[in-house]
2 protein chains.
Amino acid sequence: MNREDPGFEANHNHDHCMESALSTAKDLCRERKQRLTPIRELVLKLIWENHQPMGAYELLPALAAAGFNSAPPTIYRALEFLQEQGLVHRIASLNAFIGCPHPESPHRSGFLICSGCQRAVELDTAPVHRALSESASELGFKIAHETVEVVGLCADCQSQPGETADA
Amino acid sequence: MNREDPGFEANHNHDHCMESALSTAKDLCRERKQRLTPIRELVLKLIWENHQPMGAYELLPALAAAGFNSAPPTIYRALEFLQEQGLVHRIASLNAFIGCPHPESPHRSGFLICSGCQRAVELDTAPVHRALSESASELGFKIAHETVEVVGLCADCQSQPGETADA
DNA sequence: AATCGCCATGTTATACTATAACAAACCGAA
DNA sequence: TTCGGTTTGTTATAGTATAACATGGCGATT
Ligand SMILES: [Zn+2]
Ligand SMILES: [Zn+2]
Ligand SMILES: [Zn+2]
Ligand SMILES: [Zn+2]
């Protein structure tokens, strides 16, 4: 546990990062008496391998290649399970799914999404949540769920020529 | 201009609210030399009439009823125009569109969405933006666009029996 | 070990959301 | 009036997600 979130750093140890996420997932599912079946584990692995938001249909070919059925319900069921366990999050503005770097406890999620390199990192949403809570409570609104997805350019991509900060 | 944003108040003057939005839209388009054609105006009217986020395909029948072609491109083109002019916003987490209460100038948008009555109100996102900017700048991330969509229960719906704050 | 029931997966079909591509009509400026 | 760009019509298709029911595997209980 307590893995590092590599953020937008391109040169972190990908393999370690992924293995660590999978191992944490196994531990958590065992603790919770949930079944991390081969399909579910494979989907989680694929998401971490790519290390960027992945569309459901992008994942299907790899499922087929691994010998599983690859009709849409297969992948959506796996994604549903992984989301319920907090192992992946859905990014609504991209129709895509990404691994959660700290699935041990449920939490509000928010993302910075780089339009240059397509990577996304999970934000600490506490400050955003405080701001939202304040606005909401003025209206007597009771928050149940927050979607916070910010598109822009990461530090690396800002220094690449040709990248502009358009969404 | 300077219309009131009725927020979650159920008993505001709907007709006035809608007429005002349409009249503002006409003014803005004239100023900008953009053409608020009958289809575009009708789509905007339908969105304001319902006064809640509307899916593209929910709007199509009314287009057909008004004698227009009602194939999907018709509605998406109108919505694209209205978004470009800032007259409507898209809510990604709902795949839906809603009228903007202050389209005079471009702005970041954010929404509180009531899961009880399906209404949505546009937030003042300045405080949220400050919080996001701070988090982003720590990572050297340059923000281009923010999606902020908060689901919960409005004050009215909290007092209705049977409503819970689940998203 | 056998049984039972639940959960997971397979399979087919379909709903829902959005865009591509090209033709025809319209509209406004020169 | 003519021209050229914009808007709309039309057909087709891409992309995202779920319904519904059958089948199979796994694990708890006996
Ligand atoms: Zn997370
Ligand atoms: Zn980047
Ligand atoms: Zn707005
Ligand atoms: Zn409400």
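Here is how names work: the chains are called A, B, and so on, in the same order as the sequence lines, proteins then strands, and each is numbered from 1. Computed over heavy atoms, backbone and side chain alike; hydrogens, waters and symmetry mates excluded.
For the pair A:R40 and A:F81, the distance from NZ or CZ to the six-membered ring centre is under 6.0 Å and the angle to the ring normal is within 45 degrees.
When DNA chain C is scanned 5' to 3' for any atom under 4.0 Å from a heavy atom of chain A, the first and last hits are C:dA8 to C:dT12.
Separating the CD atom of A:Q83 from the P atom of D:dT16 is a distance of 15 Å, rounded to the nearest angstrom. We find that CG of A:L59 is positioned 13 Å from C1' of D:dT16, with the value rounded to whole Å. Look at CG on B:N69: it is 14 Å from C1' on D:dA12, rounded to the nearest Å. Atom CG in A:L94 sits about 16 Å away from atom P in D:dG15, given to the nearest Å. Distance CZ (B:F68) to C1' (D:dT8): 10 Å, rounded to an integer number of Å. Per the geometry, CG belonging to B:L79 stands 15 Å off P belonging to D:dT7, to the nearest Å. For the pair B:L36 CG and D:dT7 P, the computed distance is 11 Å after rounding to whole Å.
Aromatic ring orientation, B:H107 versus B:H89: perpendicular (interplanar angle above 60°, classes split at 30° and 60°). Classification of the A:H51-A:W48 ring pair by plane angle, with boundaries at 30° and 60°, yields perpendicular.
Checked by atom type and distance alone, the side chain of B:E149 pairs as donor or acceptor with a backbone atom of B:A92 at under 3.5 Å. At distances below 3.5 Å, at least one donor-acceptor pair connects side-chain atoms of B:E58 with backbone N or O atoms of B:G55. The backbone N or O of B:A126 sits less than 3.5 Å from a side-chain atom of B:D124, completing a donor-acceptor pair. B:Q160 places a side-chain N or O within donor-acceptor distance of the main-chain N or O of B:D156, the cut-off being under 3.5 Å.
The ring-ring contact (aromatic ring centres under 6.0 Å, His included) check on A:F97 picks up nothing, with sequence neighbours excluded.
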(request) If a protein heavy atom is under 4.0 Å from the base, mark B; if only from the sugar-phosphate, S; if neither, -; do that for nucleotides 22-30 of chain D going 5' to 3'. (result) ----S----

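Positionally, the nearest nucleotide of DNA chain C for A:P38 lies more toward the 5' end than for the other of A:P73 and A:P38.
Within the 4.0 Å cut-off from OP1 or OP2 of D:dT16, not a single side-chain nitrogen or oxygen of B:N95 is found.
Distance check, rounded to the nearest 0.5 Å: CZ of A:R119 to CG of A:N50 gives 13.0 Å.
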